[in-house]
Asks: 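Quick one: this structure, given as structure tokens, is what I'll be asking you about.
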Protein chains: 2
Amino acid sequence: MSSRPLPRSVRDLTGYELLLSVAELGSIGQAARRHDMSQPAASARLRQLEADVGTALLERRPRGTRLTTAGELVASWAQATVEAASDLAAGITALRADHHGHVRIAASLTVAEYLLPRWLIALRAADPETVVALDSGNSAEVEAGVLAGSADIGFVEGPEVASGLSSREVARDELALVVAPSHPWAGRRRNPRAAELAATSLVSRERGSGTRLALERALAERFGLETAEPVLEVSSTTAIKAAVTGGIGPAVLSARAVVAELAAGTLVRLDVTDLDLTRSLRAVWPEGAQPRGPARDLLAIALREQ
Amino acid sequence: MSSRPLPRSVRDLTGYELLLSVAELGSIGQAARRHDMSQPAASARLRQLEADVGTALLERRPRGTRLTTAGELVASWAQATVEAASDLAAGITALRADHHGHVRIAASLTVAEYLLPRWLIALRAADPETVVALDSGNSAEVEAGVLAGSADIGFVEGPEVASGLSSREVARDELALVVAPSHPWAGRRRNPRAAELAATSLVSRERGSGTRLALERALAERFGLETAEPVLEVSSTTAIKAAVTGGIGPAVLSARAVVAELAAGTLVRLDVTDLDLTRSLRAVWPEGAQPRGPARDLLAIALREQ
DNA sequence: TGAACGCATAAGCTGTACCTATGTCTTCTC
DNA sequence: GAGAAGACATAGGTACAGCTTATGCGTTCA
């Protein structure tokens, strides 16, 4: 992980947002207006941005402003960042404890982390008035919430759901065994087998976590294997990745959690030859009470993106 | 596109970076140290973050600080954002005009936009000392640059490369026909056919752009079709998306450019029944001069991630 | 029991980024 | 060909956000 702090130049996204607006609208002044700032303020920020990058990003013409090739490039990188920030904002809005939403969603961590923000943005695109309240917990808590009527729709991990609930698969989740590049397993020709995995002390989350449970159950049910005690129990996915990278030991995490680290080569993924670690992510609702209104829209969006 | 400005709370990523560091390191003070700020400053920023979100994100214990469930959620969303910002930073660093890098890369827009930042991060992970200089242009310019020796390695679009160059496919790119959800084509049962597409005025980039050329060539070579004049010619991908969303007309863009809009439902993608719009993205280097040093590492990374 | 670690509070300062007002330039229009 | 309109830059003044240092309190461990 190490997670070097970001350089100053990308910590504030305002300049990049302006750049994107200039690309879209064709002038600095119009971009400024969209962002509720004066034209000189926008102009100054963009000039600052060009100074940071060390290259001309804008071609200022009397009839308006266009992007240079370098500007286009920066704009496209910036757009990915702004989109991610937009997901973050959507999630935060749903998380606000103070206001009660029109749709009350209960979701397990994996769904809330990796799928919900995009769904929320699509939901708002369909109807900007929709207000969402999000509550996250483990699958049992989610199911209880839906059964108790404190959530309109829930999202859980694992194939079976509590009685009294209808469900539908909206995505699949894959668990990945990861090690540091320096770990002996990373250099071996053969992948580890289930028995070896079970006998190895892993870096894991606290007992009761969804992914830890899923792994333990998979090993127990299919092989009757008891899992070894963890080398380290930590509370956050971030901390697990840091520990694995630091060489403390292997870990099993949602594959979605480690795409960036795998791409960067800071973690190495290994298949476990004889173990299937995929699981179903399911929407749940009270039996006989098909989701209505925005909850139904959300379900439709989740199914569409499957 | 519309691209609503981001809320204040997510425009500055400092607080989120701190949150991630707290998750990893287990204390606010250590996180502060990593970010070269005083402990009170970090503490204040995190408190501000909690106020923005309206929920407790941290559980402050005398022995250190851990994340609450909501904190974990925000941290995971934040990590995606910070990763995107990190890609952006990597790209910008490579773009700096002032310093000359150890590896000189020439890349076509599509590769530079969507693939290079990750490769650069992986390259730096392998050797933090590597300095990269990036130059972007169309495929012909890239090939010329590599042949002239002003770039150590190049990345181009399209199946054939200039003579005197060796090449290897490192990814495939898919062009996508997109329309606004309100466009008649979006509601139709049948997908458009190549002839219909060729007869329709599109929103496109200036003549000479890689994607525009690829489309025109595909229609001409396979069907002998001449493409209609564009309804609008604009200079940036961002502006194209805005125009399509605004109902000006359909457009053909790299599928990678529109994933977010498709997910959000602001654009609709249509298959063209009888037209294959995939193309090869290739690394190129002078014939007989296999890439060496960091250029070779870069090629290896690109191939690994294929 | 005291030292170490961790976080919060207080007070004062610095600098960044903003706004309004104005100037300059080009291009379109009549 | 002259004036108007649009677009960007410059100048001057101000406000507030965020930082640092110094200090205090609470818990845990030796």
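Below, chain A is the first sequence line, B the second, and so on; all start at residue 1. Basis for what follows: all heavy atoms, side chains included, without hydrogens, waters or symmetry-related copies.
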Asks: Side chain of A:Ser38: nearest nucleotide among C:dT26, C:dC19, D:dA7?
Replies: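 Given the options C:dT26, C:dC19, D:dA7, the side chain of A:Ser38 is closest to C:dC19.
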Asks: Output the rounded distance in Å from CG (B:Leu13) to P (D:dG18).
Replies: 14 Å
Asks: Measuring from the side chain of B:Gln30 (C-beta onward, heavy atoms only), which nucleotide among D:dT27, D:dC19, C:dG6 has the closest atom?
Replies: C:dG6
Asks: If I take atom CG in residue A:Asp36 and atom P in nucleotide C:dT20, what distance separates them, rounded to the nearest angstrom?
Replies: 12 Å
Asks: What's the shortest heavy-atom distance between A:Ala31 and A:Val22, and which atoms?
Replies: CB-CG2, 3.7 Å
Asks: Using atom CE of A:Met37 as one end and atom C1' of C:dT16 as the other, report the distance to the nearest whole Å.
Replies: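 Atom-to-atom, A:Met37 to C:dT16, this comes out as 13 Å.
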Asks: Want to settle it: does A:Pro40 or A:Arg63 sit nearer the 5' end of DNA chain C, counting the closest nucleotide to each?
Replies: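 Mapping each residue to its closest nucleotide by heavy atoms, the 5'-most match is A:Pro40.
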Asks: Please give, in whole Å, the distance from D:dG6 P to A:Leu25 CG?
Replies: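 Answer to the nearest Å: 16 Å.
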Asks: Would B:Glu261 and B:Arg256 pass as an ion pair if we require N to O under 4.0 Å?
Replies: no
Asks: With a cut-off of 6.0 Å (strictly less than), are more than 12 heavy atoms of other residues, nucleotides or ligands near CZ of A:Arg124?
Replies: no
Asks: Look at A:Gln48 and C:dT16 and indicate whether a side-chain polar atom (N or O) is within less than 4.0 Å of OP1 or OP2.
Replies: no
Asks: Does a distance-only test, which skips hydrogens and angles, find a donor-acceptor pair under 3.5 Å between the side chain of A:Gln39 and the base of D:dA7?
Replies: no
Asks: Expressed in angstrom and rounded to an integer, what is the separation of B:Leu58 atom CG from C:dC7 atom P?
Replies: 9 Å
Asks: Counting only side-chain nitrogens and oxygens, does B:Arg61 get under 4.0 Å of the OP1 or OP2 atom of C:dC7?
Replies: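 B:Arg61 to C:dC7 OP1/OP2: no side-chain N or O under 4.0 Å.
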Asks: Looking at B:Glu233 and B:Arg205, is any side-chain nitrogen of the basic one under 4.0 Å from a carboxylate oxygen of the acidic one?
Replies: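 A salt bridge is absent here (no side-chain N lies under 4.0 Å from a carboxylate O).
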Asks: Within the structure shown, what part of the strands sits under 4.0 Å from B:Ala41 by heavy-atom distance: base, sugar-phosphate, or nothing?
Replies: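 Counting heavy atoms under 4.0 Å across all strands, the contact made by B:Ala41 includes a base.
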Asks: Between C1' on D:dC19 and CZ on A:Arg11, what's the gap in Å once rounded to a whole number?
Replies: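 So the two atoms are 13 Å apart, to the nearest Å.
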Asks: Once you round it to whole Å, what is the distance between P of C:dA17 and NE2 of A:His35?
Replies: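 After rounding, the reported distance stands at 16 Å.
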Asks: What is the separation between atom CZ on B:Arg45 and atom P on D:dA17, rounded to the nearest whole Å?
Replies: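 So the two atoms are 12 Å apart, to the nearest Å.
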Asks: Would you say B:Ser27 places a side-chain N or O within less than 4.0 Å of OP1 or OP2 belonging to C:dC7?
Replies: yes
Asks: Identify the two heavy atoms, one from A:Thr68 and one from A:Ala56, that lie closest to each other, and give their separation to 0.1 Å.
Replies: OG1-O, 2.9 Å
Asks: Which of these nucleotides, C:dC7, D:dC8, D:dT10, is closest to any side-chain atom of A:Arg47?
Replies: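 Shortest atom-to-atom distance from the side chain points to D:dT10.
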